[in-house]
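Input: a single structure, listed below in structure tokens.
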Amino acid sequence: LTGSAVANPNPSNFDREYLVPVIIGAVTPQTINMDLDTGSSDLWVFSNSTPGAQATGHVVYQPNTCNASTCAKLLPGETWSIQYSDMSSSSGIVYSDLVTIGGAAVSSQAVEAAQIVSSSFTTDTANSGLLGMAFSSLNTCRPQQQLTWFDNIKASLAAEVWTANLQKGAAGTYNFGYIDSTAYNSNITYTPVSTLRGFWEFTFSGYQLGSSSFVTTDMAAIADTGTTLLLLPSAVVESYWAQVPSAHLEPSLGAYIYPCSATPPNFTFGIGSYRGVVPGSYLAYGPVSSQWCYGGIQSQGSSPFSVFGDVLLKAQFVVFDVGNLRIGYAAK
Ligand SMILES: N#Cc1c(N)n[nH]c1N1CCCC1
């Protein structure tokens with residue numbers, strides 16, 4: 001078994017997130033566009049349990065709890081509640097239902113129906129749910145923790161692996177169970193993943209800012225498709241933006257902005273001896289005013305690891321190798 005699904009950048013805003021059409025339900029299937037997120041492990045959707053005022057503009061999951069074995073089933077007493085690092089949150093109840101992504105189906109997937117969603121979810125009407133693809137140890141369902149879609153399907157796949165091939169301003173692909181050797185142009189460099197924090201956490205071997213020399217230093221990072229930007233230690237971020245005249249940390253935003261007339265420098269990361277290059281044009285995240293643009297590299301703050309979000313991931317072919325607990329990067 002393998003699967004392949006399209007990854008659509010959110011249409012209106014600078015590749016803020018990438019949405020995947022997910023089919024939920026057997027008796028009355030619904031296609032729901034969801035944010036595939038390697039930084040969390042809950043599969044949750046807007047639903048008929050979400051208050052109308054919070055669900056306006058969204059496709060809502062309507063579980064068909066009929067009597068056949070193929071119907072949705074409420075999991076009695078199960079609830080979930082999640083808060084993301086951007087302080088957004090959601091919570092609700094749990095059904096078991098058929099969930100198909102790119103042709104690959106899980107018959108009894110925990111589908112977390114939202115009863116409450118915070119305002120940033122309500123306003124993001126392109127996104128009607130989260131598809132958690134971090135490790136199941138982070139799933140918030142209680143009292144019985146539930147498995148991610150990938151954990152449920154991996155034994156049925158040709159290989160316990162999936163890949164992300166995101167694109168700048170265009171549709172990309174998530175493949176499940178195989179590696180498309182035509183999708184990248186160099187060898188894949190792998191490095192071990194630690195699951196201790198439940199994320200796709202790994203060590204990178206250093207970085208290069210623009211045309212400066214490569215800085216060799218082991219650093220921790222997570223690969224997070226649910227984060228838009230590239231988050232690095234504040235000292236690195238300061239050095240990076242020092243290369244762009246008039247770029248500065250804007251106190252009112254808590255973020256670096258730079259003149260939109262400038263093209264930011266490239267960012268290069270190391271995995272062993274592999275060098276992954278993120279073009280400067282990928283490190284622009286859209287205007288905050290007529291002349292100032294929001295930087296694609298920002299500080300990781302007090303986080304103990306950097307966050308390789310979409311602005312970096314879209315420049316690479318990325319292999320999430322669950323079977324061997326490793327992550328792979330290749331140029332494309
Ligand atoms: N903040 C944040 C965040 C993250 N670090 N990974 N995924 C996140 N979200 C998914 C939906 C909202 C935020």
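Numbering of residues begins at 1 and proceeds along the displayed sequence. Any value given below was found using the heavy atoms of this structure, including those in side chains, with hydrogens, waters and symmetry copies removed. Both ligands and their constituent atoms are indexed starting at 1 by order of listing.
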Subject >> For Thr227, atoms of ligand 1 separated by under 4.0 Å from a heavy atom >> reply: 4 (C), 5 (N), 6 (N)
Subject >> Leu130, portion touching ligand 1 at heavy-atom distance under 4.0 Å >> reply: side chain
**OP:** Note the single closest protein heavy atom to atom 1 (N) of ligand 1, along with its residue, its atom name and the distance in Å.
**Re:** Asp86 N, 2.8 Å
Subject >> Partner of Asn10 under side chain to side chain donor-acceptor pair (under 3.5 Å), chosen from Asp35, Asp124, Asp15 >> reply: Asp124
Subject >> Side chain proximity check, Ile271 to Phe202, heavy atoms < 4.5 angstrom >> reply: yes
**OP:** Quick one: look up the protein heavy atom nearest atom 2 (C) of ligand 1 and list residue, atom name and how far away it is.
**Re:** Ser85 OG, 3.2 Å
Original post:
Can you find a side-chain donor-acceptor pair between Ser4 and Asn175 that sits under 3.5 Å?
Top reply: yes
**OP:** Look at atom 9 (N) of ligand 1 and say which protein heavy atom is nearest, naming residue and atom and giving the distance to 0.1 Å.
**Re:** Tyr84 CD2, 3.6 Å
Subject >> Ser136-Asn139 side chain donor-acceptor pair, cut-off 3.5 Å >> reply: no
Subject >> Nearest protein heavy atom with distance in Å, relative to atom 10 (C) of ligand 1 >> reply: Asp37 OD2, 3.5 Å
Original post:
Can you tell me which residue and heavy atom of the protein come closest to atom 8 (C) of ligand 1, and the distance to 0.1 Å?
Top reply: Gly226 O, 3.5 Å
Subject >> Under-4.0 Å heavy-atom contact with ligand 1, by part of Ser88 that carries it >> reply: side chain
**OP:** Check Asp321, Thr189, Val319, Val318 against Ile327 for a side-chain contact (heavy atoms from CB on, under 4.5 Å) and give me the one that passes.
**Re:** Val318
Original post:
When Trp44 is tested against each of Tyr84, Tyr95, Trp80 for ring-ring contact (aromatic ring centres under 6.0 Å, His included), which residue passes?
Top reply: Trp80
Subject >> Closest protein heavy atom (residue, atom, distance) for atom 6 (N) of ligand 1 >> reply: Asp224 OD2, 2.9 Å
Original post:
Taking the six-membered ring of Phe305, is the NZ or CZ of Arg197 close enough (under 6.0 Å from the centre) and on axis enough (within 45°)?
Top reply: no
Subject >> Where ligand 1 meets Phe121 - atom numbers and elements under 4.0 angstrom, heavy-atom basis >> reply: 11 (C), 12 (C)
